[in-house]
Every structure is written in C-alpha cells, then in structure tokens.
Amino acid sequence: MTSLAAGCARRQPPIARPVPPATATPPAVTAAPPAPRPTERIEDPLPVPAEPLSEDSIANRLLDDLNRQSPLKPAFFGLDSADLDDRGRAVVAANAELLKKFPTWMILIEGHCDERGTAEYNLALGERRAAAVMTYLVSLGISPNRLRTVSYGKEFPFDPGHDESAWGKNRRAQFVITAR
Amino acid sequence: MRMRFLGVGSWALGVLAVAGAAAFAGARQAPQQPAPAPQQPSEIAVVISGDPGTPPRYAIPDFVALNPEAAEVAKTVAQVLWDDLAFEREFYLIPRDTYSTVPAARTADQINFNSWRELGADGVIFGTVQRMGANVRVEVRLFNVRTRQAVFSKEYTGTDANPRLYAHTIADEIHQQQRNLRGVARTRLTFASDRNRERVAGPVENRDVKEIYIADYDGANSRRVTTSRQLNINPSWSPDARAVAYTSYVPVPDIFISYLYRGVRENPTKRQGSNFLPVFSPDGTRMAFMSNRDGNPEIYAMNVDGSGVRRITNHPAGDSSPTWSPTGTQIAFTSDRSGTPQIYIVGADGLNLRRLTNESYADRPTWSPAPFNEIAFAARTGPGYDIKIFDLASGMTRQITFGEGTNESPAYAPNGRHIAFSSTRAGRWQIFTIGRDGRLVKQLTRDGNNTTPAWSN
C-alpha cells in the first residue's frame, strides 16, 4: 500500500489537492513523503475487482469518466434481503480501502432491487440495502459525512433482462462518486 | 386548464324541462301527445327503467351540429358520452353502429320514437352543438322512449378547448339523476411515465427520466406535471383534485406537491432524509409518507405544510406504502416485520397495530372509499403479482386479476367501483382500469412505461 501511494505521488507530483481529513488518512501515507522510489513493485494488496484501474489514472479522471468505469464495485444481495453476506462485505471492505486512499471522495450509495419485488416495497428494500452498506462502511472507519444513501427501488436495473442472472446483478448497492 | 361552465342548466331547469317538453311537444303535436304532464313529477317519473331485471337500454346518436364548425365536437361528445355511460355498467348502451335504421332527427320533435323502440331503446339522448367562435353551446336531453318525455334536459356553454368535458359532465349528471350514482367521468388519474424518453442528467448514464403526468379517467388529455428530468414517482392526489404530491429525486428523494391551478410547487419535507410515497389524508390537511430520517424506513404523518411531523411506526423492519382509511383515523401500510411484506393497519396515533394479510408477499395497500370497506393490494400469485381485495368486514380476500402479466399498485376510483393499476399484460408497463368485481379491463396508456396510478376525487 505504501508503495502504491508513493508510486501514485511519483507519477504526478505537484497537483494541489484538498488536504485530507486526518482521521481518514492511513498513517502509512502521512509517513511517506513523495519519495520517488524506483520500480520495485509489490502486488496489489486490494482484492480489487476485474478491470482494475491503475491508481494514477483514477486520480486524473473526470468524475463522469470515473463513474463510468468505477473503481468502486457494487455489492450484491440475496432475494428480498438487505443483509450483506461475506462476498458483499468483502466488496464493501475493498471499497472502504479505496475510500481511505482517496479521502476527499464523497460517495452516494444507491440501493437497487430486482423487478421481482413491487415498486413501492422495493423503495424501502433499496433504502435498507444502502443503509446496510453505509453502516458497514462506517464501521470500517469511513466518516459518515462522506456518505449519503439513496434508494431507487427497481427503477434503474443494471441488466434489463428477466432471468436469474439479470436479477442477481440488479439486487445491488452501487457506489457513485459525487465529488472528489 | 379546467373548463368553466357558464351553464344555465340546473335541477330546476331539468324539472321544468320535464313538464315543459311535454307541454311544448303537446302544443306542436297535440294529437299524438294528449296526456298532460303530471303537476309534480316524482323522482320515479324521471327515472327510465328497462325491462324487468335488465338495465335500461340507451341509444346515443351523434349530436346535431347546428352549424358546420360544430360537426366534430358533436361527434366527439356523443361517442365520449357513450363510453362514459358504458363505463359504470348501469345502462346497456346500444352500439352506435346499429342506429342506421333510425331516421336522423335535426330537432327534438323529429325524434322517431317508434324506430328507437324497435331498436330496443328505453332511453335516447338527443343533443345539439353550436359553435360561436371559440365557444360551444351544448344542449342535451334524455328522452324516455315509451313516454316520449324528456327526463333530463340541460344546456352548457363554454370554450371549445376540451369538448370531451361536456360529455363527461353530462354522463356524471345522468348517472346522478337516473341512478343516484356518483360517476367518475370528470375524475383524473396521475401516474409516473418515461414516455418523453429523456435521460437523467447525472453521474450514471442510461437512466430514463420519469415524470409525473395527469390524464382524464379514460386516459385522454394527458398532461405532464413535472419537468425536472429526474426520477419522479408515486404521485397521489389531494382530495380536492387540485394538487399532486409525489417523490422527486433532487437527487435525494424528497416529497413535493404541485398545485396544478396555482402553478406552485412546494417541498414540505425539506430534505429531512429520504422521503417517499406521500398520500393526503381524506380531509386534505395531513400527509402520510415513508422516510428514512431516523435511519430506517418508517411511516410518518405531517401537516401538508411540513409542520407537525409525527412518527407512526417504529420497527427495525421496513415499513412503507401508507394509505389512509376514509375517515382518516387509521393507516394501512406494508411491513416485512414478519419476514415477508404484509399489509398492516395502525391507528393514525400509532396505536392498535394489527396484521391484515397472510400472503406470500403483499404490498401497496389502497383503502377503498366509503361505502365499501376494503383494501386493495398487490399480492404475489406466482412469478408475478395480481390485484387482491381484502374485505374488512368479513376478513375475506378476493382476487380480481389472474396472471395476465404482472399487476401492481391498485388505486380506487372515488366511487369505489373501479380500480386503476399498472400491469405488464400488454408488454411494457401500462395503466389499466378494472371494475372492483374484476370485470371490464380497460387500457388507458400506450406510450412508454406508465406506472403507479392514483385516482382523483
């Protein structure tokens, strides 16, 4: 992690950024000045998902581009459930690490449901999914001030299909970066 | 938007016309019409009855255009009136394409009652339309074919902006006079629709905008209420039908009230958390809604201006989708506190909670207006949902849709005889109406996806 952060700083040194809140900053980063350390590359410690973006490209992207191919992975839920299972928790934990690395990011946690529930009930279910993720993020040390939740019920499916595979993708908490 | 009637019509005129038409007809056609009108026609005398055990049979030929510019309005009014009267199923409406055997009448005294009688009509409606610039004058009479007397007679004047409204008004008044029934021809529906195919402006792409629309009860005259290019959902009417409340994502979901005739939009909940599913109390002073302001979806009630917030439910499960009882003393809502979503009732003071349904999944309760005492809801009946109705007096549940697509979000008409709902039975999501007995399904919308209807008073 230290080397990643250092690597990041090495490749794009002098850009002024808002000073991260101390609490949210991993101590390793504050300890490491931007010492250009040569190539010795450690494997990525984050269980970061497929199509990983290299961190410098994350830092440079426009907000819209960033969200278009978000480094924050969605967490998926079981049918009619707002409980994060082990896989869901792992995804949220990985997102939490990323949020600690980019402590200025503000996040909107969107709760979504599949089409098998009714429109009205799904608003409450999506609300509870987003709340479950937020609670877990806060327990991992992310400031609640950086997080907001919204429920979209079944209004915005990720996959418009009508089968198990589509429904599984649609029961999710999706992370949108609203400021950085 | 709403047409103003400068109608001279009134009950007094109607009664006069009963006597007057007979006297008038008598003057011209003395031989055929010797019997004098009764001095004080009783209510029985003005009600047209059918053969014993069958509904009265009505014929509604095209209204007579008194000048050429009125031709289109004349045709529209007759057809819409036919549809309106057929909707309540109080009369048998003789199909309009079977009238060719009856000679057309230009004036009321040319009406060929014998021919109408041969066609099986108990009542025939004769109307005229005159156009004067942007104004329209519609005269209508309902004749009892047997007695040849006009039992209903009125005249309306107004603009030509919405000719259908003349027919709706006539239909409501005939239902009132003939059947003592409150018709719904002048009521409207509100719903959410993605028909304008815009995309939400925001960080995530490819999300369709939904806006709030209103339309006449028959789906005609639809108009857009919101223009926020965001997600706008779950509209509901104020009891005076002059305002619509809904959830708008700004981008956090919050409750807004659009006052349709004042052009004013208010935001009573003022971003106190996420707020959804607003419903006006029957007296229009309060609003129940769902909010996560205390961390979990719960039911709240507030004054329409946002003051006087009161929490109604308190449970770690999700409570959603409130609906008021007709007296405003109770609220039914959906909760999954038992493990699955079910319908519950609680006093508006938060006391006396009880569970109503025992379905595999039940949501969106809508309390019927009086005199019916029942709650319609969407219940899982297979892969999808159907509309069911829980009768509060007997505790019995009946089903009114049967697996044609999936069917959600029932909403009662103000006379309790019809239910609007959203369904996928025609492909995409569309709004339909159905009788509370499960008969006469009618599709109202066709453009885009249309969901979550609410029916105005």
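Convention: sequence-line order gives letters A, B, ...; per-chain numbering from 1. The figures that follow rest on heavy atoms only: side chains count, while hydrogens, waters and symmetry mates do not.
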Original post:
Should the heavy atoms of other residues, nucleotides or ligands under 6.0 Å from CZ of A:Arg87 be counted, would the total exceed 12?
Top reply: no

**OP:** Answer with side chain, backbone, both or neither: which region of B:Asp194 has an atom nearer than 4.5 Å to a non-hydrogen atom of chain A?
**Re:** neither

Subject >> Verdict with reasoning, A:Arg128 to B:Asp336, per side-chain contact (heavy atoms from CB on, under 4.5 Å) >> reply: CA-CA 12 Å; A:Arg128 287 193 297 142; B:Asp336 59 1; 2.3 Å; yes

Subject >> Positions in residues 403-411 of chain B that reach chain A, provided some heavy atom is under 4.5 Å away >> reply: B:Glu408, B:Ser409

Subject >> Residue pair B:Thr334 / A:Glu120, side-chain heavy-atom distance below 4.5 Å >> reply: no

**OP:** Identify the heavy atoms of B:Gly295 and A:Ala131 that sit nearest to each other, and give their distance.
**Re:** O-CB, 4.5 Å

Original post:
Does a sphere of radius 6.0 Å around CZ in B:Arg229 hold more than 12 heavy atoms from other residues, nucleotides or ligands, not counting ones at 6.0 Å or beyond?
Top reply: no

Original post:
How long is the span from the CG atom in A:Asp80 to the OH atom in B:Tyr361, to the nearest 0.5 Å?
Top reply: 6.0 Å

**OP:** Look up atom CG in A:Leu123 and atom CG in B:Asn275, then write down how far apart they are to the nearest 0.5 Å.
**Re:** 12.0 Å

**OP:** Specify which of B:Asn292, B:Thr340, B:Thr451 makes the most heavy-atom pairs with chain A at under 4.5 Å.
**Re:** B:Asn292

Subject >> Pairs satisfying ring-ring contact (aromatic ring centres under 6.0 Å, His included), at least one member in residues 161-180 of chain A, at least two apart >> reply: none

Subject >> Selection from B:Ile233, B:Leu231, B:Val252 maximising heavy-atom pairs under 4.5 Å formed with chain A >> reply: B:Leu231

Original post:
Heavy-atom distance under 4.5 Å between the side chains of A:Glu127 and B:Phe276, does that happen here?
Top reply: yes

**OP:** Would you check if the side chain of B:Tyr385 reaches a backbone N or O of A:Arg116 as a donor-acceptor pair within less than 3.5 Å?
**Re:** yes

Original post:
For A:Asp163, which residues count as a salt bridge (charged side-chain N to carboxylate O under 4.0 Å, His left out) partner, sequence neighbours excluded?
Top reply: none

Subject >> Residues of residues 148-160 of chain A near chain B, each having a heavy atom less than 4.5 Å away >> reply: A:Arg148, A:Thr149, A:Val150, A:Ser151, A:Tyr152, A:Lys154, A:Glu155, A:Phe156

Original post:
If you tally heavy-atom pairs under 4.5 Å against chain B, which of A:Ala82, A:Ala119, A:Gly117 wins?
Top reply: A:Gly117

